[in-house]
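What follows is a set of notes on a single structure, which appears directly below.
When reading the values below, keep in mind they use all heavy atoms of this one structure, side chains included, and skip hydrogens, waters and symmetry mates. FYI, the numbering just counts along the sequence from 1. Predicted model, so just to flag it, every value in this text is computed and none were measured.
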Amino acid sequence: MGAPDGDGPTGAAWPVTTWQGWQHFATTPPPQPPAPGEPQRSAEERLAYHSAFVTVRTPAIDTLTTTVRTLMILGQHQQTTARPSLIVTGPAAAGKTTALLHTGRTCHLAHTRQHPPSGGHAPVPVAYVLVPPAASAKALATEFARYLGIPVTSRMTQAQITDAVCHTYNHTGVRLILIDEIHRLNPRTTTGAETADLLKDLTERIRATFVYAGIDVTTTALFSGVRGAQLAGRASLVECGAFPARLGKHEPFRELITGVEAALDLQAHQPGTLPRHAAYLHQRTAGRIGSLTRLIRQAAITAIHDGTERITKQSLETIRLDHLAETHHRPTPNRPTTPRR
């Protein structure tokens, strides 16, 4: 069985948690910053560019990509027990999902180069699944089925869905399974424990490497109890943390800002402006890459709309960020001073 053909909407209209949506995401060239000497893009093109924007390579992305490639080779011929897995953890807005998707795309493209489509069927090397809120084992199994378009009826039991998933994933040759929002799983509850058992079952029956991502996973119930010990004993951790303002002789956050600024497509922006405001930007975003890129992208879109075509500290001050970043940045109100008599 090959990849599902998927009647209906084109790949762009499918969510990335389906094969059609994933294939479209993985095979569509990512946005590129303007090349030297390239004709100037229209305002609409530049607005669309800053909406999609580039993926800024970070140490976490490099570490994740290298480790996943190594683990896939390590577990390639492992038959009797679950293959080694990986967990991407860190605070909200730290770039975990971006790193996960980038790694998945890299693995997808590498695999399809080595194993081009044959007989009209594209290879299915990667699967991407979201853990639903308070997911039961049957609900999560159904998400796995939905990715490949495996028919599921209300009369099917969890065991029947799981059997269909394992058979189809192995038959289509899925080699890497990315599971996002894993922090939603709580093995301390009956429902969560059953879902954790399902994941363990899937890792042992599907011949693929599993990579999980979630918010501060090590502080959740995911690693607690017998089930948590089993997961911790099989999974390596990759931290996607906030960027420090300074690390020894280096300034990681300033270097990140420089990379983001270099990708802007504004007609009047002066290079070096944003790195000069590194301290201010670190205060506004707490060093989180997600909050930083959102702030700069919003400022760039505003600059195109109002015709200034540049980002300044004054224009950054007008941008409202996510609540997490704004709560961190909100200054303590000054106490009113009592006038001297």
Side-chain angles (χ1 to χ4, degrees), residues 1-6 9-33 35 38 49 52-79 83-86 88 95-130 144 146-150 165-180 202-203 206-213 236 238 240 259 263:
M1 177 180 175
D5 295 326
T10 61
W14 289 87
V16 75
T17 50
T18 62
W19 163 244
Q20 294 89 340
W22 174 266
Q23 186 182 41
H24 180 268
F25 161 76
T27 58
T28 300
Q32 296 295 327
E38 181 182 84
Y49 167 73
F53 211 52
V54 300
T55 297
V56 180
R57 293 292 296 268
T58 64
I61 287 179
D62 292 338
T63 299
L64 181 59
T65 303
T66 302
T67 307
V68 166
R69 183 172 61 242
T70 303
L71 290 183
M72 290 177 72
I73 296 171
L74 180 64
Q76 187 172 7
H77 300 289
Q78 194 166 323
Q79 301 293 333
R83 289 160 177 75
S85 57
L86 196 65
V88 184
K96 298 178 298 300
T97 296
T98 298
L100 196 67
L101 293 175
H102 178 87
T103 300
R105 172 192 269 150
T106 300
C107 292
H108 177 104
L109 295 176
H111 184 89
T112 51
R113 280 194 299 268
Q114 296 172 3
H115 308 278
S118 62
H121 294 293
V124 188
V126 179
Y128 178 69
V129 177
L130 289 180
F144 273 81
R146 187 169 74 94
Y147 180 82
L148 284 185
I150 302 169
V165 164
C166 293
H167 169 77
T168 308
Y169 273 60
N170 284 327
H171 191 73
T172 54
V174 176
R175 293 290 175 260
L176 176 65
I177 297 178
L178 309 174
I179 303 178
D180 210 349
L202 293 175
T203 62
I206 298 177
R207 296 186 294 272
T209 298
F210 282 66
V211 180
Y212 312 92
S236 306
V238 171
C240 274

Taking the side chain as every heavy atom from C-beta outward, state whether [X] and [Y] have any pair of such atoms under 4.5 Å apart.
X	Y	answer
His24	Trp14	no
Leu202	Cys166	yes
Pro30	Arg105	yes
Ile179	Ile177	yes

Nearest non-hydrogen partners of [X] and [Y], listed with the distance:
X	Y	result
Leu176	Ala208	N-CB, 4.1 Å
Pro84	Thr209	O-CG2, 3.8 Å
Thr103	Ile61	OG1-O, 4.4 Å
Val129	Tyr169	CG2-OH, 4.5 Å
Phe53	Pro31	O-CG, 3.2 Å

Worksheet item: For the residue pair His167 and His171, does the interplanar ring angle fall in the parallel (under 30°), tilted (30 to 60°) or perpendicular (over 60°) class?
Response: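 His167 vs His171 ring planes: parallel.
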Please check this pair: side chain of [X] against backbone of [Y], looking for a donor-acceptor N/O pair closer than 3.5 Å.
X	Y	result
Asn170	Arg207	yes
Tyr128	Tyr147	no
Thr65	Asp62	no
Thr66	Thr63	no

Practice prompt. Give the intermediate values and the outcome of side-chain contact (heavy atoms from CB on, under 4.5 Å) for residues Val211 and Leu100.
Written response: CA-CA 8 Å; Val211 180; Leu100 196 67; 3.6 Å; yes
Practice prompt. Would you please test Thr17 and Arg146 for side-chain contact (heavy atoms from CB on, under 4.5 Å) and show each step?
Written response: CA-CA 8 Å; Thr17 50; Arg146 187 169 74 94; 3.0 Å; yes
Fill in: Separation of His111 NE2 from Gln114 CD (nearest 0.5 Å)
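Rounded to the nearest 0.5 Å, the CD-NE2 separation comes out at 7.5 Å.
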Worksheet item: Under 3.5 Å, is there a donor-acceptor pair between the Thr203 and Arg83 side chains?
Response: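 Side chains of Thr203 and Arg83: no pair found under 3.5 Å.
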Item to complete: Report the C-alpha separation of Trp22 and His108 in whole Å, then their side-chain angles, then the decisive distance to 0.1 Å, and conclude whether the side-chain contact (heavy atoms from CB on, under 4.5 Å) test is met.
Response: CA-CA 10 Å; Trp22 174 266; His108 177 104; 3.3 Å; yes
Discussion item. Does Val174 form a side-chain contact (heavy atoms from CB on, under 4.5 Å) with Trp19? I'd like the steps, not just the answer.
Written reply: CA-CA 11 Å; Val174 176; Trp19 163 244; over 6 Å; no
